[in-house]
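Numbering starts at 1 and runs along the sequence shown. Everything quoted here is computed from the prediction, not taken from an experiment.
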Amino acid sequence: MPLIVNEKCVGCKLCEKACPFDAIHVVDKLAVVDYEKCTLCGACVPVCKFDALKVEVQRRAAVNKDDFKGVWVFAEQKKGKVQSVAYELLGAGRKLANARKSELCAVLFGKDVKGEAAKLFHKGADKVYVVDRPELEHFLDEPYARIMDKLIGKYKPEIVLAGATTIGRALIPRVAILARTGLTADCTGLDIDPETGNLMQTRPAFGGNIMATILTDLHRPQMATVRHKVMKELAPDTSRTGQLIDVTDIDANDLSSRTKIVNIVDELEKTVNLTEADVIVSGGRGCAARRISSCSRNSPSSSAAPLARRARPSIPAGCRIRTRSARRGRRSARRSISPAVSPGRSSTWSACSQRT
């Protein structure tokens, strides 16, 4: 996709002034482009009065969509155990596969992980592709992405889903680049367009003010990541079985990596893992600590929920405290809303309001 300078150039230097990267200069009354600096931003094209510049786009031919079948879910694992986000994606993937009348498949990398395939079948998978190698015990960007791309090229799935976790966000963008396709991150909704069969990938945009639906119309596979706890798991069906495909055509080059894991230190948690909690009761330091702790712990919704004390000086939803204004030297009532608590969804709201 080069920047082209044609014979219409008269050396007026307008393009030279417009280039923000100092990538174009006029030499002997002719614009010369330094392609090492040029980013193809196109800022020089509209300022040229003689139509002497243009960015030539070389588009890749659209793929044959009929060659791609099936819905894939990357089954993230840690310490040989499939993470719950994979089961949530299987629930969403099952609906997509039914709509496309295709198979739902899980892809599992790791060491001694074949035993986890049964759980994936119980949660809706029809096939499980397993790459069981000691080198894949822990996540590494390069080998995981290389092998995933190799499987995509061989089996040609139509849709690939992954969790928007630390691992998923490191892996799937690499895979999308290798597969030369599009990727939509942090989706909150997935559906199939009944007319075209394309995956409709819905995600928040502009700070959550609008919901954008994104399509990957020309390329395959269609790839998306979904945040943890957005989709619902299917109820396990222990009678379900499926086909386990043991992938063995992996060579040393596929497993090579420029990074190495030296040690893994587990985080010690005194209560529960917040990422797995369905309800989190949050209290800020600006709201009298003893009072918010008391009403939070005594509220019905927090009986089985962890209490998270926020580091930032915010006030939980609806709670009022008496503060002294530094500017006027008088007391004023202030009210703010904590992102973790919303009116009507937590009994902490009413409990705190009554106390004030």
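Grouping Ile, Leu, Val, Met, Phe, Trp and Tyr by side-chain contacts under 4.5 Å, direct or through others, puts Ile261 with Leu140, Ile264. Under a 4.5 Å side-chain heavy-atom criterion applied to ILVMFWY residues, the cluster that includes Leu108 comprises Val71, Val73, Val82, Tyr87, Leu89, Leu90, Leu96, Leu104, Val113, Leu120, Phe121, Val128, Val130, Ile159, Leu161, Leu190, Ile192, Leu199, Val226, Val230, Met231, Leu244 as well. Side-chain contacts under 4.5 Å among hydrophobic residues (ILVMFWY), followed directly or transitively, place Met200 together with Leu215.
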Check the pair Gln201, Thr213 against side-chain contact (heavy atoms from CB on, under 4.5 Å), reporting the backbone distance first and the verdict last. CA-CA 5 Å; Gln201 305 154 84; Thr213 298; over 6 Å; no
Please step through side-chain contact (heavy atoms from CB on, under 4.5 Å) for the pair Cys9 and Lys29, ending with a clear verdict. CA-CA 8 Å; Cys9 180; Lys29 294 185 178 182; over 6 Å; no
Test log, rule side-chain contact (heavy atoms from CB on, under 4.5 Å), inputs Tyr129 and Asp246: CA-CA 6 Å; Tyr129 295 90; Asp246 188 6; over 6 Å; no
As a quick check of understanding, evaluate salt bridge (charged side-chain N to carboxylate O under 4.0 Å, His left out) for Lys232 and Glu88, giving each step before the final call. CA-CA 5 Å; Lys232 292 184 178 180; Glu88 295 169 14; over 6 Å; no
Decide side-chain contact (heavy atoms from CB on, under 4.5 Å) for Glu76 and Ile167; before the verdict, give the C-alpha distance in whole Å, the side-chain angles of both, and the deciding distance to 0.1 Å. CA-CA 8 Å; Glu76 180 181 324; Ile167 290 177; 3.6 Å; yes
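Inter-residue side-chain proximity for Lys150 and Asp254 is flagged as met; some heavy-atom pair is nearer than 4.5 Å. Between Cys187 and Thr225 the shortest side-chain heavy-atom distance does not fall below 4.5 Å. Met223 has its side chain out of reach of Thr184: every pair of non-hydrogen atoms, C-beta onward, lies at least 4.5 Å apart. Put simply, the side chain of Leu171 reaches to within 4.5 Å of the side chain of Val175, judged on heavy atoms. For the pair Asp126/Cys105, no side-chain contact is recorded, criterion being any heavy-atom separation below 4.5 Å from C-beta on. A heavy-atom distance below 4.5 Å is not found between the side chains of Lys156 and Lys69. Between Ile147 and Ile250, the closest side-chain pair of non-hydrogen atoms falls below 4.5 Å. No side-chain heavy atom of Ser256 sits under 4.5 Å from any side-chain heavy atom of Glu135.
By the rule that hydrophobic residues join a cluster once side-chain heavy atoms approach within less than 4.5 Å of another member, Val131 and Ile245 end up as members of one cluster. Hydrophobic clustering keeps Met211 apart from Ile214 (ILVMFWY residues linked when any side-chain heavy atoms are closer than 4.5 Å, directly or through intermediates). Tracing side-chain contacts under 4.5 Å through hydrophobic residues (I, L, V, M, F, W, Y), one reaches Leu53 starting from Val55; they form part of the same cluster.
The stretch residues 185-206 participates, sequence neighbours left out, in these salt bridge (Lys or Arg N to Asp or Glu O under 4.0 Å) pairs: Arg169-Asp186, Asp186-Arg227. Residue pairs satisfying the side-chain hydrogen bond (donor to acceptor under 3.5 Å, both in side chains) criterion with at least one member in residues 96-111, sequence neighbours excluded, are listed as follows: Arg94-Asn98, Arg100-Glu158, Glu103-Lys127. Pairs engaging residues 158-189 under the ring pair (Phe, Tyr, Trp, His ring centres under 6.0 Å) rule: none recorded [sequence neighbours left out].
Here the closest non-hydrogen pair linking Val47 and Ala43 is CG1-O, 3.9 Å. Minimum interatomic distance between Ser84 and His228 (heavy atoms only, all atoms of both residues): OG-CE1, 3.1 Å. Closest heavy-atom contact between Cys38 and Val33: CB-CG1, 4.0 Å. Here the closest heavy-atom approach between residue Pro143 and residue Ser257 is recorded as CD-CB, 3.8 Å.
Ring geometry for Tyr144 against Phe139 counts as perpendicular: the plane angle is over 60°, on a 0 to 90° scale with 30° as the lower cut. Below 30°, between 30° and 60°, or above 60°: for Phe109 and Phe74 the angle between ring planes is above 60°, a perpendicular geometry.
Contacts of Thr188 classified as side chain to side chain donor-acceptor pair (under 3.5 Å), with partners at least two apart in sequence or in another chain: none. Partners of Val32 under the side chain to side chain contact (heavy atoms under 4.5 Å, CB included) rule, at least two apart in sequence or in another chain, are Val27. The side chain to side chain contact (heavy atoms under 4.5 Å, CB included) check on Cys12 picks up Val10, Leu14, Phe50, with sequence neighbours excluded. For Pro173, the side chain to side chain contact (heavy atoms under 4.5 Å, CB included) test picks out Leu183, with sequence neighbours left out. By the side chain to side chain donor-acceptor pair (under 3.5 Å) test, Asp217 is found to be paired with Lys65, Asn198, residues two or more places apart in sequence or in another chain being considered. Remark: Asn209 engages no residue in a side chain to side chain contact (heavy atoms under 4.5 Å, CB included) (not counting sequence neighbours).
Separating the CZ atom in Arg133 from the OG1 atom in Thr248 is a distance of 9.0 Å, to the nearest 0.5 Å. Note that NZ of Lys78 and NE2 of His138 are 12.0 Å apart. Values are rounded to the nearest 0.5 Å. Atom CD of Glu116 and atom NZ of Lys119 lie 4.0 Å apart (nearest 0.5 Å). With rounding to the nearest 0.5 Å, the separation of OG1 in Thr39 from CD in Glu36 is 14.0 Å. Of the inter-residue distances, the one linking Met148 atom CE with Arg146 atom CZ reads 15.0 Å to the nearest 0.5 angstrom. A distance of 11.0 Å separates CZ in Arg180 from CG in Leu178, rounded to the nearest 0.5 Å.
The pair Asp67-Arg220 does not meet the salt-bridge criterion, since no charged nitrogen lies less than 4.0 angstrom from a carboxylate oxygen.
Checked by atom type and distance alone, the side chain of Thr165 pairs as donor or acceptor with a backbone atom of Gly168 at under 3.5 Å. Panel note: side chain Gln77, backbone Glu137; a donor-acceptor pair is recorded below 3.5 Å.
For CD1 of Ile177, the number of neighbouring non-hydrogen atoms (other residues, nucleotides, ligands) closer than 6.0 Å is 12 at most.
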